[in-house]
Trainee: 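Handing you a structure now.
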Amino acid sequence: MTAKRIDGKAFAAGVRAQVADHVARLKADHGLVPGLAVVLVGEDPASQVYVGAKGKQTVEVGMASFEHRLPAETSEAELLALIDRLNRDPQVHGILVQLPLPPHLNSDLVINALDPAKDVDGFHISNVGRLGTGQKSMVPCTPLGCLMMLRDHLGNLSGMNAVVVGRSNIVGKPMAQLLLGDSCTVTIAHSRTKDLAAVCRGADILVAAVGRPEMITGDFVKPGATVIDVGINRIERDGKTKLVGDVDHASAAEVAGAITPVPGGVGPMTIACLLANTLTACCRANGLPEPQGLTA
Ligand SMILES: Nc1nc2c(c(=O)[nH]1)N[C@@H](CN(C=O)c1ccc(C(=O)N[C@@H](CCC(=O)O)C(=O)O)cc1)CN2
């Protein structure tokens, strides 16, 4: 079997187009412009690229972009003071602090200083608790993007066996909660799971978010399963730098029914869902109906 390719780049373009339509209507009907503030501390090269892409795509869908690039030596007090200003700014509906932060800054403290209603990353402890208890929350962008692609490809996920490999707060745990919310039978596995390959082979839906290049090979995949590869790993091969996922794409695609590529799979959906979350936050802040199909 050669798996169908789930094209995250094209899917993300569709999500951005829907967001742009809603933004245009918000402006025309209510004079509202959703605003997203992105905070970057330091000069991490990948983070700089992601923050640049976030600002560009925010403007492209008609939203207001507020970029705050701070030096690596920014103190916690300075960062918290900026967050406090953004929390109180009525033009800002969404705030994102790009991760990872430099090591002298306490990420949990910083994230929990955000107004949960503006936490478009869904990382604030209150949003984490809300998601875990099935209450309305802001949903982390990468898992939300995975869920959208799964629903689009499979329709109703109810009763399916889902295995999430990886237990991070950013992807693995919220992904498991979302799949549970769609009535999947969910297993969270990780690098220390006994006979990981056998556990994965039970999955109708296999989400790889373990952070190890090409660890999930074809023998981990149930024939016909849907495989979502969240990994973004830069490796050296044949003297060149190459971007690969957590899934060994070639062998997995021989067995799976459908699979996301890296690049061009989950990655582009992360930013598209950030824009969707900012739109949702703006609608909620103004007591307007939320856009359908763009939230969990
Ligand atoms: N505050 C946050 N920090 C981080 C998040 C996040 O969701 N919130 N996620 C990642 C980085 N990230 C967005 O911030 C991100 C990663 C990858 C992509 C993407 O489009 N990747 C492309 C490949 C791009 C490349 O060549 O590097 C792809 O997969 O096709 C977008 C956003 C960590 N930090």
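Each ligand, and each atom within it, is numbered from 1 in the order the structure gives.
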Trainee: Other than Y50, what residues sit in its cluster of Ile, Leu, Val, Met, Phe, Trp and Tyr side chains whose heavy atoms are under 4.5 Å apart, directly or through others?
Mentor: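 Once heavy-atom contacts under 4.5 Å are chained together, Y50 belongs with I232, L243, V262.
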Trainee: Kindly tell me which protein residues have any non-hydrogen atom under 4.0 angstrom away from an atom of ligand 1, grouped by chain and ordered by number?
Mentor: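 If the criterion is a heavy atom under 4.0 Å, then ligand 1 touches Y50, K54, L96, V97, Q98, L99, D121, F123, I232, R234, L243, P263, G264, G267, P268, T270, I271.
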Trainee: Whether E290 and K136 form a salt bridge (side-chain N of Lys/Arg under 4.0 Å from carboxylate O of Asp/Glu) is what I want to check.
Mentor: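 So K136 pairs with E290 through a salt bridge.
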Trainee: Using 4.0 Å as the upper bound for N to carboxylate O, is an ion pair formed by E67 and K56?
Mentor: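 Judged by the 4.0 Å cut-off on N to carboxylate O distance, K56 and E67 do not form a salt bridge.
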Trainee: Holding to salt bridge (charged side-chain N to carboxylate O under 4.0 Å, His left out), I want the full list of residues that pass it with E78, two or more places apart in sequence or in another chain.
Mentor: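 So E78 forms no salt bridge (charged side-chain N to carboxylate O under 4.0 Å, His left out) with any residue.
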Trainee: What I want to find out is whether D89 reaches R85 closely enough, with some N-O distance under 4.0 Å, to be called a salt bridge.
Mentor: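 Judged by the 4.0 Å cut-off on N to carboxylate O distance, D89 and R85 do not form a salt bridge.
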Trainee: Check salt bridge (charged side-chain N to carboxylate O under 4.0 Å, His left out) between D115 and all other residues, then give those that pass, not counting sequence neighbours.
Mentor: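 Here no residue qualifies.
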